[in-house]
**Q** 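Below is one structure. I have some questions about it.
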Amino acid sequence: MAFESAADSARVALVSVLALLCWIAAVRLIASDLGVAIGWTGLGLVVTLVEIVRFIPLTVQGIGVREGAFAFLFGLLGQSPEAGFVVGTVAYLALSLSWVLSGLLGWAMQAVSEPGG
C-alpha cells in the first residue's frame, strides 16, 4: 500500500492499534462476565497469538483452531483450559453476531436510501 504521507501511515497504524485494544477489551469483558480472572497483558498475548494461529489453513476462518488455541494458551498462563475454550467460543460467537447485525444494518440502510425504497 502506498501512503501519501507519514501521517497517513501513522493514522492507519493508530486505527489498527485501537481495533486491537477494543478486541482485547471485548474479550476481557466476556471473560469477566464468565468469572474468569485474567490480566490485560496475558489476555493481550492470548488474543494476539490466536489471531495469528487462526491463519493456519486447517479450517474455514480458523473455527475450532482458535478455540483450541485459547484453551492451550489459557493453560500456559495458569488458567483453566476449559475456561479458555469457553471464553474463546463466546468471544467469537459475539463477534460473528456483530458481523451479521452490521451486515443487516448496512443492507437496511442501503434499502432505505435507494430511490423508491
Side-chain angles (χ1 to χ4, degrees):
M1 294 176 56
F3 296 102
E4 293 190 19
S5 68
D8 287 344
S9 178
R11 277 191 283 275
V12 170
L14 178 63
V15 169
S16 297
V17 169
L18 287 174
L20 176 63
L21 292 175
C22 285
W23 179 231
I24 293 169
V27 176
R28 173 86 194 258
L29 179 64
I30 290 167
S32 176
D33 285 349
L34 293 173
V36 178
I38 186 167
W40 285 96
T41 306
L43 194 57
L45 174 72
V46 169
V47 167
T48 304
L49 289 175
V50 167
E51 289 303 315
I52 293 169
V53 166
R54 77 179 187 92
F55 286 115
I56 298 171
L58 297 176
T59 64
V60 176
Q61 285 293 320
I63 296 172
V65 173
R66 58 186 178 213
E67 290 81 1
F70 258 94
F72 177 75
L73 293 169
F74 265 55
L76 287 180
L77 293 174
Q79 299 286 330
S80 162
E82 294 84 0
F85 185 88
V86 171
V87 168
T89 301
V90 172
Y92 281 99
L93 285 173
L95 180 62
S96 297
L97 178 62
S98 72
W99 286 342
V100 169
L101 293 176
S102 295
L104 290 173
L105 179 63
W107 175 77
M109 289 171 62
Q110 182 183 13
V112 168
S113 68
E114 290 178 354

**Q** Of all heavy-atom pairs between G42 and L77, which one has the smallest distance, and what is that distance?
**A**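 Heavy-atom minimum between the residues: O-CD1, 3.6 Å.
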**Q** Would a single hydrophobic cluster contain both V27 and L21, if residues Ile, Leu, Val, Met, Phe, Trp and Tyr are joined by side-chain heavy-atom contacts under 4.5 Å?
**A**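 Looking at the clustering, V27 is in a separate group from L21.
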**Q** Can you tell if the side chain of L104 reaches within under 4.5 Å of the side chain of W99, non-hydrogen atoms only?
**A**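 Side chain of L104 against side chain of W99, heavy atoms only: no contact under 4.5 Å found.
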**Q** What heavy-atom pair brings G75 and P81 nearest, and what distance separates the two atoms?
**A**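 Reported closest heavy-atom pair: CA-CG, 4.1 Å.
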**Q** Do the side chain of S113 and the main chain of Q110 share a donor and acceptor less than 3.5 angstrom apart?
**A**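 Yes; at least one donor-acceptor contact below 3.5 Å.
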**Q** Check whether any side-chain N or O of E67 sits under 3.5 Å from a backbone N or O of G64 as a donor-acceptor pair, and report yes or no.
**A**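 Answer holds: yes.
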**Q** Examine L34 and L93 and state if one hydrophobic cluster contains both, with Ile, Leu, Val, Met, Phe, Trp and Tyr joined whenever side-chain heavy atoms are less than 4.5 Å apart.
**A**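 Different clusters: L34 never reaches L93 through Ile, Leu, Val, Met, Phe, Trp or Tyr contacts under 4.5 Å.
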**Q** Mind checking whether F70 and V86 have side chains closer than 4.5 Å, heavy atoms only?
**A**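 They are not in side-chain contact.
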**Q** Is there a side-chain contact between R66 and V53 (heavy atoms, below 4.5 Å)?
**A**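 No - every pair of side-chain heavy atoms lies 4.5 Å or more apart.
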**Q** Look at the side chain of S32 and the backbone N and O of L29, then say whether any donor-acceptor pair between them is shorter than 3.5 Å.
**A**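 No; zero donor-acceptor contacts below 3.5 Å.
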**Q** Is there side-chain contact between V50 and Y92, with heavy atoms separated by less than 4.5 Å?
**A**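 Yes, side chains in contact.
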**Q** Between E51 (side chain) and V46 (backbone), is there a donor-acceptor pair under 3.5 Å?
**A**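 Looks like no, no N/O pair under 3.5 Å.
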**Q** Side chains of L73 and L45, heavy atoms from C-beta outward: is any pair under 4.5 Å?
**A**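 A side-chain contact is absent here, since even the closest heavy-atom pair is not under 4.5 Å.
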**Q** Evaluate side-chain contact (heavy atoms from CB on, under 4.5 Å) for D8 paired with V12, printing each intermediate quantity in order.
**A** CA-CA 6 Å; D8 287 344; V12 170; 5.9 Å; no
**Q** When you group the ILVMFWY residues by side-chain heavy-atom contacts below 4.5 Å and let the links chain together, are I38 and F85 in the same group?
**A**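 No, F85 does not connect to I38 through the hydrophobic network.
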**Q** About how many Å separate CE of M109 and OG of S102, when rounded to the nearest 0.5 Å?
**A**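 Going from OG on S102 over to CE on M109, the span is 10.5 Å.
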**Q** Between G44 and I24, which heavy-atom pair has the shortest distance, and what is it?
**A**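 Closest approach of G44 to I24, heavy atoms only: CA-CD1, 3.7 Å.
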**Q** Please tell me if the side chains of L14 and L18 come closer than 4.5 Å, counting only heavy atoms from C-beta onward.
**A**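 Yes, at least one pair of side-chain atoms sits under 4.5 Å.
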**Q** Could you check if a side-chain atom of L105 sits within less than 4.5 angstrom of a side-chain atom of L101, using non-hydrogen atoms only?
**A**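 The answer is no; the side chains never approach within 4.5 Å.
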